[in-house]
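Working notes, beginning with the structure itself.
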Amino acid sequence: MERSNPQNQTAPKGSPFTGILWGLLIVLLLNGLIFPSFSGGRIVETDYGTFISKVDSGLVRDVVIKNGEIYFTSSGAGDRTEAYRTGAIDDPGLVDRLLQAESPNPDGRIAFNRVVPRENSPLLNFFLMWVLPGLAFYLIWRQASRGIQARMREGGNFMSFGSSGAKIYADADVKTSFADVAGQDEAKETLREIVDFLHDPSRYAEIGASLPKGALLVGPPGTGKTLIARAVAGEARVPFFAISGSEFVQMFVGMGAAKVRDLFRQAGEKAPCIIFIDEIDAIGKRRDSAVGGNDEREQTLNQLLVEMDGFGANEGVIIIAATNRPDILDPALLRPGRFDRQVTVGYPDLKGREAILKVHAKGKPLGPDVDLNTIAKTTIGFTGADLENLLNEAALLAARRDKKAITMTEIEEAMIKVVAGTEKKSHKMTDKEKRLTAYHEAGHAVSAYYLEYNDPVHQVSIVPRGQMGGYTMYLPTEDKSYHSKNEMLDNLVSLLGGRVAEAIVIGDVSTGASNDIERATDIARKMVTKYGMSDRLGSISFESGHDEIFIGRSMAQAKPYSEQVAAQIDEEVKSIVDAAYERCEDILSRDQKHLIAVAEFLLAHETMSAEEFEAVFTDEAAGHDKI
Ligand code: ADP
Ligand code: MG
Ligand code: ZN
C-alpha cells in the first residue's frame with residue numbers, strides 16, 4: 001500500500017517561478033531584519049585608525065571580529081547607530097583597549113566578540129544564505145497555495161486543506177488477497193459478499209437486495225483485521241480509501257470533521273468504492289455530555305454519522321471499519337444504516353492457527369522435526385500476529401546459529417520469547433486451564449442437549465474470546481421477542497452446566513464460572529421481581545419502574561416493598577437457582593460419558609460444530625430421552 005492518491009501529487013496551479021521569486025523576496029527581507037548591520041549598503045568602510053579613535057572617544061557599541069575583518073557599530077549624529085567595517089590588524093593591545101573604553105551601551109562597556117572563521121566554501125555559504133531559505137519558502141508557498149485552492153474548491157471552508165489524508169489504492173497497488181488471510185472464514189465470507197455486490201450491483205438491485213452500508217470488523221489486536229481489509233482492497237477492483245481513526249484527531253480543531261467531509265466527497269465521486277477506517281475507536285468513542293469531553297473528536301464523529309446517513313443504500317460506497325474495542329464505540333455508530341454488520345475476527349482455532357503458520361512459514365526452510373500441526377496445538381490463544389512473530393523469532397535464532405533450517409529447538413525458544421513478550425495480550429493456556437475450560441464448556445453444551453426449551457448448540461469452543469476462556473453458542477430456533485418461564489428455567493440449567501461439570505469431573509470449581517453464575521442469578525431475580533413467575537410471590541412486579549428518581553436516596557427508600565418481601569424475594573431467587581443446579585447435576589452425572597466425550601473432542605480440536613456435537617450422541621445410536 002504505497003501509492004498515494006494521485007490527486008495529492010498534482011502540481012499547484014501557477015508557475016513555480018512565481019514561488020521562487022516570492023521566496024527570494026522574503027529571504028531578502030528577513031536577511032535585512034536579522035543581520036541589519038551587515039546588510040548591503042549600510043556598512044561604511046573605514047580604516048583601522050578611525051576605528052581606534054572611535055573606540056577611544058567612547059562612541060563604539062558593538063565589535064565583531066570575523067573573517068579577518070572588524071565590524072563595529074558606533075553612535076553617530078543624532079544618536080543614530082552607524083555600522084562600519086575595517087580590516088583586522090594584528091593588534092595585541094586591542095582587547096585591553098576595548099575593555100577599558102567607554103561606550104554608549106547601557107552598561108557603559110563595548111560588547112565585543114570574535115567569530116571563529118568557518119571553513120565554508122563561498123558556494124556553501126551562498127547555498128545556506130540564499131538557496132536553502134529560498135527553497136524553504138518556495139515549499140511553504142506551494143503548500144499554502146494548495147490550501148487556498150482546496151478551500152476554494154470546498155466553498156470557503158477554512159481549515160480544510162483539501163486532502164483527507166486517505167490513501168486510494170487501485171487494484172494493481174495492493175497485492176494482498178484473501179489467500180493471504182488464513183482461517184477467519186466467516187469474516188472472509190461476509191466481506192466477499194460485499195465485494196461481490198460492488199462488482200455487480202445491478203444483480204442485487206434487480207431482486208431488491210440493498211447493499212449493507214457498513215461492516216465493522218471486531219476482534220482483539222493482531223487477529224488480522226487490517227490484513228483482511230487490505231485483502232478486500234486487493235480483491236475489490238474498485239477504489240479503496242484507507243485511513244486510520246487516529247489520523248482524524250491528530251490535527252487542529254475542526255480538521256477532523258473537514259477530513260471526514262472531504263473523504264466522503266472523494267468517495268462519492270469514485271463510487272462504487274470502499275472506505276476503510278482502521279481503529280475507528282479513536283474517533284468513535286462514546287460521546288458523553290460530561291464536561292471535558294473531547295470536542296474535536298465528537299465533531300469528527302458527528303460528521304462521520306452525518307456522512308454515513310447522507311449516502312443512499314445503493315450508491316455503492318461501502319464503509320468498512322475495524323476496532324478491538326467495540327464496547328467503547330458510540331451506540332449511534334452501530335444503528336441500522338451505519339455499521340449494521342458486525343464481523344467477528346477472533347482468536348484463530350486449531351485449524352486456523354495451522355493455516356496461519358503455513359502462510360508465514362513460506363520462504364522459511366523448516367527442519368524435518370518441525371510439524372506445524374504440533375505447533376498449532378500448543379499455541380491456543382495466539383493471534384495471527386503472535387504466530388507470525390513466533391516463526392520470525394525462530395528464523396532469527398536459526399540465522400544467528402548459522403543453521404540452514406529452523407528446527408524445533410528454535411521454535412521452542414522463540415515460543416518462550418513470544419509468550420513472555422505478549423503476556424498481557426495473548427492468553428496462552430496451560431494444560432490444566434485447557435482441561436478445565438473443556439469440561440466447563442462441555443458442561444454447558446451437554447446439559448443444553450437434554451433441555452427441551454433451550455436453543456440447540458451451535459458451536460462449542462475453548463478458544464478464548466474476549467474476556468471469556470471459551471464459549472458455547474446456541475442457535476436461536478426462532479426470533480423471540482419474549483421468553484416463556486420454561487425457557488428461562490432451562491436457560492438457568494445450561495448456564496450452570498459449566499460450574500456443575502467442573503464440580504463433577506474435576507472435583508473443584510473455578511472462578512471461570514463467575515459470569516455464568518451472575519447471569520443465572522440475574523435471570524432468576526428477574527423471573528421473581530419483573531415477570532411475576534414465582535409461585536410463592538405471585539404475578540406481581542416488584543420493580544419500581546422509576547429507578548432514576550431514586551438516585552441519591554438510600555436503597556431502602558428506593559424499594560417499593562417491605563424488608564419482609566425483600567427477604568422472600570431473595571429466598572425465592574435462591575430456590576430457583578438451587579433447583580436449576582440440581583437438575584443440571586442430575587443431567588450431567590447421568591451422562592458423564594458424553595460429557596467426557598465432548599470435553600475430549602474439545603481438547604483435541606478446540607472447536608466443535610453443531611454436527612460434530614450431535615455426532616457424539618448419535619454415533620452409537622443409543623436413544624437418549626430428553627430429561
Ligand atoms: P489487527 O489489525 O487485527 O490488529 P493485523 O491485520 O495488523 O491485525 O495483523 C498483524 C499481522 O499478523 C498481519 O500483517 C499478518 O502478517 C499476521 N496475521 C494476523 N492474522 C492473520 C491471518 N489470519 N492470516 C495470516 N496472517 C495473519
Ligand atoms: Mg489493525
Ligand atoms: Zn461458562
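These numbers were taken from a predicted model, which means no experiment stands behind them. As the structure lists them, so they are numbered: ligands from 1, and atoms in each ligand from 1.
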Name of the residue among Ile228, Thr383, Asn324 meeting side-chain contact (heavy atoms from CB on, under 4.5 Å) with Val345: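 One option only clears the test, and that one is Ile228.
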Would you please say whether a donor-acceptor pair under 3.5 Å links the side chains of Glu307 and Gln303? yes
Main chain of Arg261, side chain of Gln266: is a donor-acceptor contact present, judged purely on distance under 3.5 Å?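 No, because the side chain of Gln266 does not come within donor-acceptor range (under 3.5 Å) of the backbone of Arg261.
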Under 4.5 Å between any side-chain heavy atoms of Leu397 and Lys403, yes or no?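 No. Closest side-chain heavy atoms not under 4.5 Å.
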How about Val505 and Leu595: do any of their side-chain heavy atoms sit closer than 4.5 Å? yes
Protein N, O or S within less than 2.8 Å of the Mg ion (ligand 2), waters excluded: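 N, O, S partners closer than 2.8 Å: Thr226 OG1.
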As a quick check of understanding, evaluate salt bridge (Lys or Arg N to Asp or Glu O under 4.0 Å) for Asp278 and Lys225, giving each step before the final call. CA-CA 9 Å; Asp278 207 355; Lys225 297 181 295 299; over 6 Å; no
Considering only NZ, NE, NH1 and NH2 on the basic side and carboxylate oxygens on the acidic side, decide whether Arg590 and Asp586 come within less than 4.0 Å. yes
Non-neighbouring partners of Asp327 that pass salt bridge (Lys or Arg N to Asp or Glu O under 4.0 Å), sequence neighbours left out: Arg325
Non-hydrogen atoms closer than 4.0 Å to ligand 1: which protein residues do they belong to? List them by chain and number, please. Asp180, Val181, Ala182, Gln184, Pro220, Pro221, Gly222, Thr223, Gly224, Lys225, Thr226, Leu227, Ile356, His360, Gly384, Ala385, Glu388
side-chain contact (heavy atoms from CB on, under 4.5 Å) against Ala394, all qualifying residues, sequence neighbours excluded: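 With neighbours one apart ignored, the set is Ile406, Glu410, Ile411, Ala414.
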Kindly check if the number of other-residue, nucleotide or ligand heavy atoms within 6.0 Å of NZ (Lys364) is above 12? yes
The Zn ion (ligand 3) as vertex, arms to OD2 of Asp516 and NE2 of His440: angle to 10°? 90°
